[in-house]
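First up is the structure itself, then whatever we jot down about it.
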Amino acid sequence: MKKTLKIVAVALLAVANVCPVMAGGLNTNTNQNVAFLRNPARDAVIGIDGVYSNPAGVAFLKDGLHLSFNWQAAFQTRTIDTTSPFFALGVKNNGAMEKSFEGTSRAMFIPSLQAAYNKDKWSFQFNFAVTGGGGKCEFAEGLGSFENAVGKIAAGLQGLGVSNYDCAGYMQGKQYYFGFTMGAAYKITENLSVYGGLRVLYGIASYKAKIYDIRVKTMNSDFQSFNNFLTDRMDNLKLTKYALEQAGATGTPTYQQVVGTLQKLDQLESYRNGVNLISNQNGTGVAPILGADFKYGKFNFAVKYEFRTKMAMKNESTVDKVFAIDAVNTYLDETKVREDQPSLLAFGAQYSPIDRVRINAGYHHFYDKNAKKTYYVNSVRYDNKNSQLKKGTDEYLGGVEVDIAKKWTASAGFQITRYGNTDEFINDISFVVNSWSFGLGAKYQVSDKVAVQAAFFQTNYDKYTTQAVMVNDTKGNPIGISQNAFSRTNRVVAIGANLDF
């Protein structure tokens, strides 16, 4: 029964990265300017959006003040196809062992701002963006792990006459990492520049999850609330226990069985009326950023390294004491847990065969395995769940930008993202899967000082299916398999304006 309670807790407690806005590392958004959406390969581009993607290259812009204002709207779905033999006991499932659970996310306003002031060989820069998270994800009917936990409890109570269950679930998670970056670039020569900066992250997150309206059906009655079922069974067992004690039968197998059953039911006391958990977190972190840009003929090359941002998220939650359930302790009130943002190494190259055409390529590696994330095993705290990954995240990017008319620029590009997922790491609370994305858009030069741009970006995800695991009943007999298949959708639209003074 303790294993069942752990499943309930894991199902109810969200972890970081509930609904990230865009592809990137496990907890990093790379879409910090509209220009990225219309051509993701921006790592060696010289422009105001380089304040994020190529800060050293911004030093090659003209002297003066450069600003970029951006607005994005993202629309996502998450789909988990869960297989469990315990679903067959659900009265609404008609004996089926597989169900689909879908979460939706809509972030209508994702702002960002890039600013740079260039003077002679210096470029002083500022960036504000949602560098992690960025939306609310809602599973209106909960998750497969929610219902699986209730089904497993019902299966464990079949010896007490339980034949079916019914329940309702819900989960909502929100997370925002607001990033503020300040730094300066310096032109060592007309072809070489370097950059140094500092990023401050402020993270806020809130999670709501519940299992409610839990009911069970027995062979001798219609559906009744789980609360009433526990009360009736425990009252009857306590009377039987008392009678056996009065008869001096405490050493009999019957007495031991009654005591064992009472202990089993006592472990379910906190789930009489379902579970309703709320957790709010906040924290800050600081990390340096380094970069360099080198121009050679028709080529431009750039490199950037963002150090790991150590984040300690402080909990304010309804969990105010240590539980035997590991996952609950991650959200213990007034404690701090690690939710680091990983370090990033980015390379970029740009080639301009003619002045009107620019061809781009890029590579990103996120050191996810070294970014610590708190988790618990047998109530012992560990600070690197990401060590369960096979590797960090790799991204491969390409694109092209063409000045199709005097004032018009069109661009398009792609991004391929490969994570180091393992069955041990991935779960239905928080998951990412391999993907490829494409973006396209245009920029219009309204005047010498004003340009506007718009873009569309779509991510196409692979399906990640865990290895099937055989599930046994309480007697050790195999009754079916447990398995999950994960997939997502993502679309983003954006508009922005660049100003030069």
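- A distance-only check finds a donor-acceptor pair linking the side chain of Tyr464 to the backbone of Asp423 [under 3.5 Å].
- For Thr189 (side chain) and Asn191 (main-chain N/O), a donor-acceptor pair under 3.5 Å exists by modelled atom type.
- Because its NZ or CZ atom is not both nearer than 6.0 Å to the ring centre of Phe36 and within 45° of the ring axis, Arg42 does not count as a cation-pi partner of that residue.
- For the pair Phe431/Asn484, no side-chain contact is recorded, criterion being any heavy-atom separation below 4.5 Å from C-beta on.
- A ring-centre distance under 6.0 Å is found for Tyr305 and Phe307.
- The shortest distance between side-chain heavy atoms of Ile80 and Phe139 falls below 4.5 Å.
- Environment of NZ in Lys99: crowded, with over 12 heavy atoms of neighbouring residues, nucleotides or ligands closer than 6.0 Å.
- Residues Tyr363 and Tyr396 place their aromatic rings such that the two centres sit under 6.0 Å apart.
- Using a distance-only test at 3.5 Å, with no hydrogens or angles considered, a donor-acceptor pair links the side chain of Lys369 to the main chain of Leu389.
- In this structure, Asp403 pairs ionically with Arg358, as a charged nitrogen and a carboxylate oxygen lie closer than 4.0 Å.
- A donor-acceptor contact shorter than 3.5 Å is absent between the side chain of Glu395 and the backbone of Gly362.
- Each of Asn70, Asn498, Asp49 was evaluated against Gln114; a single residue qualifies, Asn70, per the side chain to side chain donor-acceptor pair (under 3.5 Å) test.
- Judged by distance alone, the side chain of Asp43 and the main-chain N or O of Ala346 form no donor-acceptor pair under 3.5 Å.
- Outside the 6.0 Å centre-distance limit, the rings of Phe124 and Tyr117 are not counted as a close aromatic pair.
- Atom CD of Glu141 sits in a sparse spot, with 12 or fewer heavy atoms from other residues, nucleotides or ligands closer than 6.0 Å.
- A donor-acceptor contact shorter than 3.5 Å is absent between the side chain of Asn33 and the backbone of Tyr52.
- Taking a 6.0 Å sphere around OH of Tyr296, one finds it holds 12 or fewer heavy atoms contributed by other residues, nucleotides or ligands.
- Using modelled atom types, no side-chain atom of Thr459 and backbone atom of Ser437 make a donor-acceptor pair closer than 3.5 Å.
- Formation of a donor-acceptor pair under 3.5 Å by the Asp340 side chain with backbone atoms of Met311 is found in this model.
- In this structure Ser411 satisfies the side chain to side chain contact (heavy atoms under 4.5 Å, CB included) test together with Arg38, Asn39, Glu401, sequence neighbours excluded.
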